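Here the structure is laid out as structure tokens; the discussion comes afterwards.
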Amino acid sequence: MRLYIDSADVKKIEYLNTYYPIAGVTTNPSIIVKENRPYLELLKDIRAAIGDEKELFVQVIGDTAEEMVEESKYIRNQLTGNIVMKIPVTEEGIRAIKLLTADNIPTLATTIYTSFQALVAAMAGAKFVAPYVNRMDNLTIDGVKVVSEIAALYKNYGIETEILAASFKNVQQVYDVCLAGAQTVTVGPDLIEKFIAFPATENDVQVFKTEWQKVYGLDKNSLVGS
Ligand code: G3P
């Protein structure tokens, strides 16, 4: 499983990238406008925070395939490192995915609400698909079930496109898509921090410390030295 940060908050990205096993950063227009800064400068700061190796996902806003292709080439020329272009799974988007794939530009098909959209996007050459789990749940479409169906379809057809599940409001949804066959997930910073938070763990750590100090003294806070 690979974990991406779904955010453009550079400070949070720096923090999470230091503490957690992060594969890269995904953005979308809504996420970028929240930062209220020139977007290229912002994307360059994100790139600097994660380095050139890790993937940075940037979404197009054009309406036609030609506009999406032009934007993709522009963004990739402006930024360094490993860039994946996010393309909405519209008819024009599917055409853009075909054109970009023919040009060896990696794409992620985004705004996926059905497993059949994911199948068509993969057939067009998308390297990733992003099913929107919580947004599906809000429409009473079972988001986790859609992810498991996409995984089954890809297995049936020997498709290598990866499922990058997106749009989560709780850790259970993230856990369930991992079990359902998503190879990767993108999650907002607040939720990532909840992944390992567990009161029993904190309590155990404190008990170990207290027992240790009873024998070796309060000043002995480390195993280093004698
Ligand atoms: O990456 C897509 C994601 O940002 C959508 O999430 O929480 O806005 O539904 P959300």
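Owing to the predicted nature of the structure, the values given are computational and were not obtained by experimental measurement. Atoms within each ligand, like the ligands themselves, are counted from 1 in listed order. Each residue takes its place number in the sequence, starting with 1.
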Give the atoms of ligand 1, by number and element, whose distance to some non-hydrogen atom of [X] is under 4.0 Å.
X	value
Y132	2 (C)
A166	1 (O), 2 (C)
K86	1 (O)
I31	4 (O)

| query | Does K86 reach the main-chain N or O of T107 with its side chain, forming a donor-acceptor pair under 3.5 Å? | reply |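 No; judged by distance alone, with no hydrogens or angles, the pair does not exist.
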Quick test: of every protein heavy atom, which one is nearest to [atom], and how far off is it to 0.1 Å?
atom	result
atom 4 (O) of ligand 1	D6 OD2, 2.6 Å
atom 5 (C) of ligand 1	R135 NH2, 3.6 Å
atom 7 (O) of ligand 1	K169 NZ, 2.8 Å

Between [X] and [Y], does any side-chain N to carboxylate O distance fall below 4.0 Å?
X	Y	result
D9	K34	no
K169	D137	no
E41	K44	no

| request: Would you check the N or O atoms of T26, main chain and side chain alike, for any that come under 3.5 Å of an N or O of ligand 1? | output: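 No, since none of the N or O atoms of T26 sits under 3.5 Å from an N or O of ligand 1.
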| Judging by distance only, is a nitrogen or oxygen of N28 under 3.5 angstrom from one on ligand 1? |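 Yes; the residue has a nitrogen or oxygen that sits under 3.5 Å from a nitrogen or oxygen of the ligand.
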| Any ring-ring contact (aromatic ring centres under 6.0 Å, His included) pairs touching residues 133-191, not counting sequence neighbours? |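 For residues 133-191: none.
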| query | Any side-chain donor paired with an acceptor under 3.5 Å for Y39 and T27? | reply |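 Note: Y39 and T27 side chains miss the donor-acceptor criterion.
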| What pairs with E55 under salt bridge (Lys or Arg N to Asp or Glu O under 4.0 Å), at least two apart in sequence or on another chain? |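 Checked E55 against salt bridge (Lys or Arg N to Asp or Glu O under 4.0 Å); zero matches.
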